*Asks:* 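Take a look at this one; I'll ask things after.
All figures in this text were calculated on a predicted structure; none of them were measured in a lab. Protein chains get the first letters and strands the later ones, always in sequence-line order, with residue 1 at the start of each.
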Amino acid sequence: MANPVPFRLFEEECFRLLRASLGELAEEAREVVERTLTRGLEVPPSKEMGELAFPCFELARAMGKRPKELADELALKIASMDRKYVGRVEPAGSGYVNFYANHFELARELFKAVVELGPDYGLVKVDRPLKIIVEHTSGNPVHPLTIGTARNAVIGDSLASLLRARGHVVETHFYVNDVGLQVMIAAYGYSKVRDRLGGGRGKPDHVVGLVYPMTNAIVEISELRKRIESAQDDEARRELMKELDEWVGIAYELRSRDPELFDHLLDRMKEDGDPRAAISKLNRDYEEGAREAVKAVRELCSAVIEGFRQTLSRMRIEFDEWDWESELTVWSGATEEAIERIRDLAPWALDTSQGALVLDVDAVASALGLKEKWGLANKEIPKLTLKRADGTTLYTTRDIAYALWKLRRADKVINVIGAEQSMAQLQLRVALALLGVKDVESRYLHYAYELVKLPGAKMSSRRGRYVALDDLLNEAVGRVKLEVEKRGWRLSEEEKEEIAEVVGVGAVRYALLNVTASKPITFDWEQVVNFERNSFPFINYTYVRALGILRKSDFEPTADVDTTKLVHEYERELVIQMAKYPKLFVEAADGLRPEVLTGFLNQISEVFNSYYEKVNVIREKDEEARRARLMLVYSLKIVMESCAKALNFKLAQRM
RNA sequence: GGGCCCGUAGCUCAGCCAGGAUAGAGCAACGGCCUUCGGAGCCGGAGGUCGGGGGUUCAAAUCCCCCCGGGCCCGCCA
């Protein structure tokens, strides 16, 4: 059996050597030794300084020695000790002991593991798998998926994929927000024009993305006109007129995008007399589950979701479950139930004096000792309105019911939600703790991400202003296509199409994933389709180069090669990086940091491209060296496939 | 006013949670390799008060405090 984490052999040997050498030297400072060792060894700043380093400063202090002196002694002692994976050991700097890996031995281990495990190499499984729900994307069904939800989708899908690769049982959920005024406006408008939507108007979600703002604009305008008529003074009238002007402008622009549709919608809404009242009625009816209302709203949602599915499947994203907010939180009575339990558990934290039902979240957090526990000591958490004066519920309240539903089905729940909802998510977690959920902080996660900003584009779905993910994908694929056309003379038209699709989609996924979620992304077309380093096309190209070598050499993977032929510095570096990869995977999966792996893919691609330039594999005369190199290239192929699998990237086989 | 996040090379970002050696990449600009396993490539030089100031430490981009700048949030919206 091969060791699934080759680098660990080296690491453990470093520890063994250190312990043995310190045992004699530092008997009196055993405690400090243990403390320093449990903190682990360090990775030196440059590869010329070895793979791992032991800083002697703290220990030297405890022993009354100079760090440099101690480092010299240790290095000397270790140099005479028996070892396998550790090569050179040298004192360095002002008090470090640097360990250099014996990469010939590491290569042997790496090759064994790669041959044995194939593309599962590196995907180290947890001892105790958890059932994990990852809820992500969950875009409102009133317009197509946008560039913002795209980041959510890519993060969520990659996390799910990463956790599956780690051995957890993962279920992905899409929360369909089919309750609330926004959706009712869209459903109302959609019901008025659905007889006119056949043919030529494009994807259903894009149609709704137009019908919704049109409906909204018409409602806004008619409401503003009413308010202007009954305005008290000239000042107020002027303000309203200004607002009206703006909406008329928006309506004009929306109409220009499909005059026939707009006019039809306007006519039908006029017949209705009071659209706002009709929408309010639809809202109440829907929450009560009235048949006509359900039919109208579900028709809209189904149409939009069908559009979502098409976009998402292009991105290789699928969901295990589609959770309807209406069903899980309203019709089931779960929200009412949760509110009743809160009433029983914390009547002292509730306030009804203004008509609505308001929860003093801060008081609850204090009473449960959460402020201390969650590090919120000096923070005041705002109050949360659970119910409107008219008795209807609010989004966060319904989310409590949904959270409980998810928690009943999984050990851990990860929710990918924009950072702007951090406060609401905190309020939600306090409410969950109140309702008796144990270990909320580790079981119910808000995976926050910052928004994607597009220079010059102001997003506002109510005004019909958004950048659709479909357009982003088309643009990326189109640009890749141009590049493929330029150099792919050996490829058929069909192959070119397919390559452009795979690489273009990968480019978008990579660009959205590569930046740490807590940082906002400023995004322009140039960057998505920057095909040089640190991009998916660059990585995929590297992979294709490796495949090219293997294809032309008829290589049968075997660990039975002479690794001592791998003497080039780039060969050493490739071996070490690939031997470390399993550790990196674990770090990425357990730390929920997919960007660690995109970074790794880019880095190893850089090294391989340098290697490719400097060393020829196929035409190597020394047969043993040639075989060792081929195995190295094969390992790279496997590692890249493993990494792609972990992140759910598809790699093109040719470019 | 309060809370959260961000501030590292001209630009886009790693590194910060678990403090260590000359702070790393890429893009752009500049100078080479004119293409041999497909150049979507490779090599090179240049570019930095790690937003500012204090503190803790043998050691601070990293931890603590204050300040400055930007984003988001503080609704009977979602």
*Asks:* In this structure, how many angstroms lie between the P atom of G41(B) and the CD atom of E613(A), rounded?
*Replies:*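 Checked: the CD to P distance equals 11 Å.
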
*Asks:* Scan Q354(A) against the nucleic acid and name what it touches under 4.0 Å (heavy atoms): base, sugar-phosphate only, or nothing.
*Replies:*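 Touches a base.
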
*Asks:* Any idea which of C73(B), A21(B), C58(B) is nearest the F57(A) side chain?
*Replies:*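 Ranking C73(B), A21(B), C58(B) by closest atom to the F57(A) side chain puts C58(B) first.
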
*Asks:* If you check the M49(A) side chain, which of U22(B), A14(B), A78(B) turns out closest?
*Replies:*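 Closest nucleotide to the M49(A) side chain: U22(B).
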
*Asks:* Could you please name the partner base of C4(B), counting Watson-Crick and G-U wobble pairs only when both distances are under 3.5 Å?
*Replies:*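 Per the H-bond distance test, G71(B).
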
*Asks:* Measuring from the side chain of P45(A) (C-beta onward, heavy atoms only), which nucleotide among A78(B), G41(B), A21(B) has the closest atom?
*Replies:*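 Out of A78(B), G41(B), A21(B), the nucleotide with an atom closest to P45(A)'s side chain is A21(B).
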
*Asks:* Looking for any heavy atom pair under 4.0 Å, which part of the strands does Q421(A) touch: base, sugar-phosphate only, or nothing?
*Replies:*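 Base contact.
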
*Asks:* So, is the end of the R429(A) side chain (NZ or CZ) under 6.0 Å from the ring centre of Y444(A) and within 45° of the ring's axis?
*Replies:*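 So R429(A) doesn't make the cation-pi contact.
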
*Asks:* The side chain of N602(A) lies closest to which of these nucleotides: A78(B), C72(B), A25(B)?
*Replies:*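 Shortest atom-to-atom distance from the side chain points to A25(B).
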
*Asks:* T385(A) has a side chain; which of C72(B), A21(B), C76(B) sits nearest to it?
*Replies:*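 Looking only at side-chain atoms, T385(A) lies closest to C76(B).
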
*Asks:* Taking OP1 and OP2 of C37(B), is either one under 4.0 Å from a side-chain nitrogen or oxygen of R619(A)?
*Replies:*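 For C37(B), neither OP1 nor OP2 has a side-chain N or O of R619(A) closer than 4.0 Å.
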
*Asks:* I need the CD-P distance between E573(A) and G24(B), as an integer number of Å.
*Replies:*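 It works out to 15 Å between those atoms.
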
*Asks:* For the side chain of N140(A), counting heavy atoms from C-beta on, which of C58(B), G15(B), A78(B) is nearest?
*Replies:*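 Of the options given, the side chain of N140(A) lies nearest A78(B).
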
*Asks:* Would you say a side-chain N or O of K519(A) is under 4.0 Å from OP1 or OP2 of G71(B)?
*Replies:*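 Answer no for this pair, as no side-chain N or O of K519(A) is under 4.0 Å from OP1 or OP2.
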
*Asks:* Find out whether the Lys NZ or Arg CZ of R151(A) is both under 6.0 angstrom from the six-membered ring centre of Y449(A) and within 45° of the ring's axis.
*Replies:*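 No, a cation-pi geometry is absent between R151(A) and Y449(A).
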
*Asks:* Under 4.0 angstrom, heavy atoms only, what part of the nucleic acid is P67(A) near: base, sugar-phosphate, or nothing?
*Replies:*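 Nothing: the residue P67(A), judged by heavy atoms under 4.0 Å, touches no strand.
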
*Asks:* Can you tell me how far P of U36(B) sits from CD of E620(A), to the nearest Å?
*Replies:*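 After rounding, the reported distance stands at 19 Å.
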
*Asks:* Counting only Watson-Crick or G-U wobble pairs whose two distances fall under 3.5 Å, which nucleotide matches C27(B)?
*Replies:*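 For C27(B), the partner nucleotide comes out as G10(B), under the 3.5 Å rule.
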
*Asks:* Give A53(A) one of three labels, base, sugar-phosphate or nothing, depending on what nucleic acid heavy atoms sit under 4.0 Å from its own.
*Replies:*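 Base contact.
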
*Asks:* Would you say R593(A) reaches C17(B)'s phosphate, i.e. side-chain N/O to OP1/OP2 under 4.0 Å?
*Replies:*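 R593(A) to C17(B) OP1/OP2: no side-chain N or O under 4.0 Å.
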
*Asks:* Under 3.5 Å, is there a donor-acceptor pair between the Y611(A) and E571(A) side chains?
*Replies:*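 Per modelled atom types, Y611(A) and E571(A) side chains form a pair under 3.5 Å.
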
*Asks:* Please classify the nucleic acid contact of A419(A) as base, sugar-phosphate, or nothing, using heavy-atom distances under 4.0 Å.
*Replies:*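 No contact.
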
*Asks:* Starting at CG of D178(A) and ending at C1' of A78(B), how long is that distance when rounded to a whole Å?
*Replies:*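 The answer, rounded to whole Å, is 13 Å.
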
*Asks:* Output the rounded distance in Å from CZ (R545(A)) to P (U35(B)).
*Replies:*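 The answer, rounded to whole Å, is 15 Å.
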
*Asks:* Quickly work out the Y449(A) OH to C6(B) C1' distance and round it to whole Å.
*Replies:*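 After rounding, the reported distance stands at 17 Å.
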
*Asks:* Checking contacts here: which listed nucleotide (C74(B), A78(B), A14(B)) is nearest the side-chain heavy atoms of A424(A)?
*Replies:*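 Shortest atom-to-atom distance from the side chain points to A78(B).
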
*Asks:* Specify the separation, in whole Å, of atom CD of E483(A) and atom C1' of G41(B).
*Replies:*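 Interatomic distance, CD of E483(A) to C1' of G41(B): 12 Å.
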
*Asks:* Pick base, sugar-phosphate or nothing for D399(A), based on heavy-atom distances below 4.0 Å to the nucleic acid.
*Replies:*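 Nothing, no heavy atom under 4.0 Å.
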
*Asks:* Is there a side-chain polar atom (N or O) of R388(A) under 4.0 Å from OP1 or OP2 of G75(B)?
*Replies:*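 The answer is no; no side-chain N or O of R388(A) sits under 4.0 Å from OP1 or OP2.
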
*Asks:* Would you classify G599(A) as touching base, sugar-phosphate or nothing, given that sugar-phosphate means primed atoms plus P, OP1 and OP2, and contacts are heavy atoms under 4.0 Å?
*Replies:*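 Since no nucleic acid heavy atom lies under 4.0 Å of G599(A), the category is nothing.
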
*Asks:* Which part of the nucleic acid, if any, lies within reach of V615(A) when heavy atoms closer than 4.0 Å are counted: base, sugar-phosphate only, or nothing?
*Replies:*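 Base contact.
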
*Asks:* Within the pair R533(A) and C42(B), is there a side-chain N or O less than 4.0 Å away from OP1 or OP2?
*Replies:*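 Answer is yes, contact under 4.0 Å.
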
*Asks:* Is the phosphate of C6(B) approached by S518(A) (side-chain N or O, under 4.0 Å from OP1 or OP2)?
*Replies:*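 S518(A) to C6(B) OP1/OP2: side-chain N or O found under 4.0 Å.
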
*Asks:* Between R61(A) and P537(A), who's closer to the 5' end of RNA chain B by nearest nucleotide?
*Replies:*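 Nearest-nucleotide comparison on RNA chain B picks P537(A).
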
*Asks:* Any strand is fair game: report the nucleotide pairing with U36(B) by Watson-Crick or G-U wobble, both distances under 3.5 Å, or none.
*Replies:*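 Its partner is none (no Watson-Crick or G-U wobble pair with both distances under 3.5 Å).
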
*Asks:* Exactly one of F608(A), Y612(A), F555(A) should register a side chain to side chain contact (heavy atoms under 4.5 Å, CB included) with V633(A). Which one does?
*Replies:*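 For V633(A), the side chain to side chain contact (heavy atoms under 4.5 Å, CB included) test succeeds with only one of F608(A), Y612(A), F555(A), which is F608(A).
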
*Asks:* Determine: side-chain N/O of R398(A) to OP1/OP2 of A78(B), distance under 4.0 Å, yes or no.
*Replies:*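 The answer is yes; a side-chain N or O of R398(A) sits under 4.0 Å from OP1 or OP2.
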
*Asks:* Quick check on C37(B): is either OP1 or OP2 less than 4.0 Å from any side-chain nitrogen or oxygen of S553(A)?
*Replies:*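 Indeed not, no polar side-chain atom of S553(A) lies that close.
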
*Asks:* Looking only at side-chain atoms of E420(A), point me to the closest of G38(B), C73(B), C74(B).
*Replies:*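 From the listed options, C73(B) comes nearest.
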
*Asks:* Can you find a side chain N or O atom of Y611(A) that sits less than 4.0 Å from OP1 or OP2 on C37(B)?
*Replies:*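 No, because none of the side-chain N or O atoms of Y611(A) sits under 4.0 Å from OP1 or OP2 of C37(B).
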
*Asks:* Looking for any heavy atom pair under 4.0 Å, which part of the strands does T516(A) touch: base, sugar-phosphate only, or nothing?
*Replies:*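 Sugar-phosphate only.
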
*Asks:* Classify the ring geometry of Y175(A) against Y402(A): parallel below 30°, tilted from 30° to 60°, perpendicular beyond 60°.
*Replies:*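 Correct class here is parallel.
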
*Asks:* Choosing from C37(B), U8(B), C76(B), which nucleotide comes nearest the side chain of A356(A)?
*Replies:*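 Looking only at heavy atoms from C-beta outward on A356(A), the closest nucleotide is C76(B).
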
*Asks:* Could you tell me whether N609(A) contacts a base, only the sugar-phosphate backbone, or nothing, with contacts defined as non-hydrogen atoms closer than 4.0 Å?
*Replies:*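 Touches sugar-phosphate only.
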
*Asks:* Would you please confirm or rule out a distance under 4.0 Å between OP1 or OP2 of C76(B) and any side-chain N or O of K383(A)?
*Replies:*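 Negative; the distance criterion is not met.
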
*Asks:* Reckon R551(A) touches a base, only the sugar-phosphate, or nothing at all at heavy-atom distances under 4.0 Å?
*Replies:*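 Here R551(A) touches no strand at all.
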
*Asks:* Which label fits Y510(A) and F536(A): parallel for a plane angle under 30°, tilted from 30 to 60°, or perpendicular past 60°?
*Replies:*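 It falls in the tilted class, 30° to 60°.
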
*Asks:* At under 4.0 Å between heavy atoms, what does A546(A) touch on the DNA or RNA strands: base, sugar-phosphate, or nothing?
*Replies:*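 Nothing, no nucleic acid heavy atom in range.
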
*Asks:* Give one of base, sugar-phosphate or nothing for V484(A), where a contact means two heavy atoms less than 4.0 Å apart.
*Replies:*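 Touches a base.
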
*Asks:* Are K387(A) and E336(A) packed together at the side-chain level, in the sense that at least one heavy-atom pair is separated by less than 4.5 angstrom?
*Replies:*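 Touching, per the 4.5 Å side-chain cut-off.
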
*Asks:* Between Y570(A) and S94(A), which has a closest nucleotide on RNA chain B that is more 5'?
*Replies:*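 Nearer the 5' end of the strand: S94(A).
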
*Asks:* Please determine if E569(A) and K47(A) form a salt bridge, counting it only when a charged side-chain N lies under 4.0 Å from a carboxylate O.
*Replies:*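 No, no charged N to carboxylate O under 4.0 Å.
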
*Asks:* When you measure from the side chain of F538(A), which nucleotide among C43(B), G41(B), C37(B) comes out closest?
*Replies:*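 For F538(A), the side-chain atoms sit closest to G41(B).
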
*Asks:* Find the distance between NE2 (H173(A)) and CG (L328(A)) and round it off to the nearest 0.5 Å.
*Replies:*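 Output value for this atom pair is 9.5 Å.
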
*Asks:* Output the rounded distance in Å from OH (Y612(A)) to C1' (U36(B)).
*Replies:*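 These atoms are roughly 9 Å apart.
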
